[in-house]
There are 2 protein chains.
Amino acid sequence: MDHPDEQGSPAKQGSPDEQGSLLLQDQLCFALYAASRSVTTRYRPLLEELGLTYPQYLVMLALWEQDSVSVRELGASLQLDSSTLSPLLKRLEAAGLISRRRRPDDERSVAVTLTRAGTELRERARSVPLAIGQAMGLTPEQDATAKQLLRLLTAHVNAAGTDRPGSS
Amino acid sequence: MDHPDEQGSPAKQGSPDEQGSLLLQDQLCFALYAASRSVTTRYRPLLEELGLTYPQYLVMLALWEQDSVSVRELGASLQLDSSTLSPLLKRLEAAGLISRRRRPDDERSVAVTLTRAGTELRERARSVPLAIGQAMGLTPEQDATAKQLLRLLTAHVNAAGTDRPGSS
DNA sequence: CCCGATTCAGTTGTGCACGATCTAATCGCG
DNA sequence: CGCGATTAGATCGTGCACAACTGAATCGGG
């Protein structure tokens, strides 16, 4: 029976409170940064077969969930702003997966819509999450715990960064 | 707002339905990606006072831990390769924080060394991890759990990616 | 009806990431 | 000793991220 200890916990004695440490390996931020890059690298060959990059894949996930949304709504889902999304969407449009047109009722807004090819790509993408899940090798409980902690962390960090105006 | 089964399904084993889901919010990879960007964004204003970007800060952490290492060794610590580190180090050198010179005993290798300014910057950086730790708002237990899970995940993913299927 | 403020998407500039490729130095084996 | 293989670092091209800015469309108050 495997224990999640295979990386080994090399007895970090002497540092009960790592919060103020300047050691690279003590930093949660570095674990996060390294994990995120590892995962996107692992996705790369799978997504290459679909002609997508990793952020493009996330955009497609959002569109498969809800089609015909504005750039702004996409940005809210993915926590990205237009300066990242605009060129990305332009590439997806060039690839024939989406189309963009101004909303008749509000010309400021651009509706992002799946093309037939974009809709059909979903079937080919179905196997991707499972393959990644297996590569991650976490138990369902660990997976759920990780997601929960990451969401909690993100919520806290965003709340701290989005300094509430009006209350001091 | 209609958000489907987020944590409503108690059946975790037996039917890992979430593992094969294409819903954005079910994806651990997205939680990871969003958390990582949130954290670096939170770091930005703090590091700006030190004249560092987030990856530059990680390089400095590594150097404060062990000075005078090769580009390759830095890359091993940070899991970055020379195509990322070379320009980054060039900017740190231009900022006067490090110096680079070829090793006399092996002219292929470049020793990265802290300058006086680079060494002294450490004191100004001492308060950064604690400030971030507070913004993350995790208990020490949650922090430790998150680090453990992220390291485990990274190890698995890297092992799966490095895996050369020498089928014979 | 006009004008200032706001909203939305896009553009620009800087700095990562990373695959592919290059060059030079070093190693290894006959 | 010679020469192919390996290693270290740098360079190039593509594609994110994100701050700062532009410009058009819309809204709101007088």
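Letters A, B, ... mirror the listed sequences (proteins, then strands); counts begin at 1.
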Asks: Would you please confirm or rule out a distance under 4.0 Å between OP1 or OP2 of D/dA10 and any side-chain N or O of B/Ser86?
Replies: yes
Asks: Should the pair B/Lys90-B/Glu93 be classified as a salt bridge under the 4.0 Å nitrogen-to-oxygen rule?
Replies: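 No.
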Asks: Quick one: which of D/dA25, D/dC12, D/dA20 gets closest to the side chain of A/Ser83?
Replies: D/dA20
Asks: Assuming nearest nucleotide by heavy-atom distance, tell me which of B/Leu85 and A/Tyr54 is located more 5' along DNA chain D.
Replies: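 The residue closer to the strand's 5' end, by nearest nucleotide, is B/Leu85.
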Asks: Return the value, rounded to whole Å, for the distance between atom CG of A/Asp106 and atom P of D/dC27.
Replies: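 To the nearest whole Å, that distance equals 6 Å.
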Asks: Looking at C/dG15, D/dA10, D/dT6, which one has an atom nearest to any side-chain atom of B/Thr53?
Replies: C/dG15
Asks: For A/Leu88, which contact category applies under a 4.0 Å heavy-atom criterion: base, sugar-phosphate, or nothing?
Replies: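 Sugar-phosphate only.
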Asks: Look at all strands and tell whether B/Arg103 reaches a base, only sugar-phosphate, or nothing, counting heavy atoms closer than 4.0 Å.
Replies: nothing
Asks: Tell me what A/Ser109 touches on the nucleic acid: a base, only sugar-phosphate, or nothing, going by heavy atoms under 4.0 Å.
Replies: sugar-phosphate
Asks: Could you check how far CZ of B/Arg91 sits from C1' of C/dT14, rounded to whole Å?
Replies: 8 Å
Asks: If you check the B/Arg108 side chain, which of C/dA9, D/dA8, D/dC16 turns out closest?
Replies: D/dA8
Asks: How would you label the contact of A/Thr40 with the nucleic acid (heavy atoms, under 4.0 Å): base, sugar-phosphate, or nothing?
Replies: nothing
